[in-house]
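Since the model is a prediction, treat every value here as computed from it, not as a measurement. All values below come from the heavy atoms of this structure, side chains included, with hydrogens, waters and symmetry mates left out. Each residue takes its place number in the sequence, starting with 1.
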Amino acid sequence: MCGITGWVSYDRDLTRQRTRLDEMTRTMACRGPDAGGVWLDRHAGLGHRRLAVIDLEGGAQPMVVPTDDGPVAITYSGEIYNYTELRGELLRRGHRFETRSDTEVALHGYLEWGEAVAERLNGMFAFAVWDSRAEKLVMIRDRMGVKPLLYFRTDDGVLFGSEPKAILAHPAADRAVDLSGLRELFSLTQTPGSALWCGMREVLPGGVVTVDRSGLRERRYWTLSTRPHTDDLTTTVATVRELLEDIVGRQLVSDVPRCTLLSGGLDSSAITALAAAALGRPGRHGGGAAEKVRSFSVDFAGRQDHFVADDLRGTTDAPYAYEVAEHVGSQHEFIVLDHAAIADPAVRRAVVTARDSPFTFGDVDTSLYLLFQAIRRQSTVALSGESADEVFGGYRWFHQPEVQTARTFPWTAVFVDGERARRSDRFNADLTAALDLPAYINDRYADAVGEVERADGESEHETRMRVMSHLHLTRFVRMLLERKDRISMAVGLEVRVPFCDHRLVEYVHNAPWSMKTFDGREKSLLRAATADLLPPSVQNRVKASYPTTLDPHYAGALLRQSRDLLSTDDPVFGLVDRGWLEGVTRLDATTMPVDVRNGLERVLDLSAWLDVNRPELRL
């Protein structure tokens, strides 16, 4: 796992631009704390920061293969889980390797198959190849968009990077944000290809971007498509289990310490149990003796004292996580956080810096940052249960008739309905009118639904549930994946997401909704496929969202920080209604509504982002 960046310019000699490439690369030192490198050719420069996970001694980047017609170089981020098989195939085709790294497999795969190498890869990856033979840059991103990759077109080429900050380190990039960027950000629509910063775009998930002297071209080598599902229920459950065992086994391969993130919910518990079973078999998935899987959970000091069940969290995680750890024999540790650490402005600033965004999920993001930071002291790779809800239909709104029939994004119907939006609207009136988020959401929703192909003979209800699944797998999940990537890589932790394996995603997406809910529960297929691995309490547990702190001292800290903000002429008040903030800071921390507390977090995040990035706002 790493950070990549680069610059292509057809009108200048980039061999003299080492300092500029160093500056771009340095912005991502946190993504790759182990090593860094820059490679320069006449019209291209590649930068790389490395987090060493496989082949610690080899695998340095950028990696170059000389050819008779000129060098071919790669800067690569991610993990290819089928690289061993591909390496064997390439060896049979005459290729020779100098390292054991998956990076070298990707590079030789490009030499053998060109851009079509993308279709052969299983994993999470984003990489760029400079092919001097054709003076061409090829950027490729994994199918689900687990690893980020953005680019910015210049007058004579392109800038690219894993994060906006790498691109913005170049003076040719436009450090500006306009209404289009803010609409995309605050609407939670996550339109594929979009980016916050003016002129910047992301390489589409499952996408290839090619840049040469004739211009820039973009294509998709993979999209989530509608296919017939002919397996019966028994075969489907067995196939899901078979896929999960293969996926988790592949994603355990690592030359550094690995662990799982265990909340005690079905998703993370299934991953932990599968990992425990795989690691318990000598000689499997790492080549050594049998070993115990390590697992980590997050909790909050005094959470049990303050816990009140709600629609999102009916139970606390701790008892279930302990039970799973004992059941599968994991070496488990709870990371307990207190309100002061979560509310620390320095942590908030670190999260905003990592995300390059003024929109975070408040204490969910800060606690995740602190959790990952603590785990990184003991492990470098973690397997997560993230994305199972999108794949298997786990969110409660999947099962609510009023949301199923709503003609908007399901999460919008739940979280951004008109009444709630009015109560928590924090922007000033001019900005609210200019954004016109309802119209923007409607337009993006229509575009998203238009991508879905109905299956032959499918009922209206089945089609609607196919649409909901598609929306989550192409939009909602990417918000979570982006958060996971940015926050984990900010502390040099690689988080792998087995449920995003494209084989599993394709298979389950096309299973009919009646099969996904065959027992009247959410995530029926996942429950059935892992029934023998987990204790009954976890098998029967109702989904609970990632925990948040309920300590009123946390709300009190937000109030104090907001009052301090009101005493300044902070640029945030060019966007935020000062009167709204003045009003809510008079509230009592012990009785503050959750949506108001969230509003305070958003304002403080926005203030920190403006201070960190100093963008030009074109509103």
Side-chain contact, heavy-atom cut-off 4.5 Å: [X] with [Y]?
| X | Y | result |
| --- | --- | --- |
| E333 | R294 | yes |
| F361 | R483 | yes |
| R241 | D532 | yes |
| L204 | T223 | no |

**Q.** Contacts of Y440 that satisfy ring pair (Phe, Tyr, Trp, His ring centres under 6.0 Å) - sequence neighbours left out
**A.** none
Q | Positive for side chain to side chain contact (heavy atoms under 4.5 Å, CB included) with E390, one of V508, L471, V477 | A | V477
Q. Got a sec, which pairs hit side chain to side chain donor-acceptor pair (under 3.5 Å) with one end in residues 320-329, sequence neighbours left out?
A. E323-S537
Q | For E163, all residues meeting side chain to side chain donor-acceptor pair (under 3.5 Å), sequence neighbours excluded | A | R31, K165
Q.
If the condition is side chain to side chain donor-acceptor pair (under 3.5 Å), which residues does E601 pass it with, not counting sequence neighbours?
A. Y554
Q: Please check if the side chain of N510 supplies one atom and the backbone of R227 the other of a donor-acceptor pair under 3.5 Å.
A: yes
(Q) Using a 3.5 Å distance criterion without hydrogens, assess whether the side chain of T316 forms a donor-acceptor pair with backbone atoms of A318. (A) no
Q: Name all residues meeting the salt bridge (Lys or Arg N to Asp or Glu O under 4.0 Å) criterion together with D447; count only those two or more places apart in sequence or in a different chain, and write none if there are none.
A: R444
Q: Only pairs at least two apart or in different chains count here, so list each salt bridge (Lys or Arg N to Asp or Glu O under 4.0 Å) that has a residue in residues 264-279.
A: D267-K523
Q) Which heavy atom in L150 sits nearest to a heavy atom in S162, and how many Å separate them? A) CD1-O, 3.6 Å
**Q.** Derivation and outcome, side chain to side chain donor-acceptor pair (under 3.5 Å), residues E184 and T189
**A.** CA-CA 6 Å; E184 184 63 31; T189 53; 3.2 Å; yes
Q) Can you check side-chain contact (heavy atoms from CB on, under 4.5 Å) on D102 and F125, steps first, answer last? A) CA-CA 10 Å; D102 57 339; F125 50 84; over 6 Å; no
Q.
Just by distance, no angles: are the side chains of D232 and T235 close enough, under 3.5 Å, to form a donor-acceptor pair?
A. yes
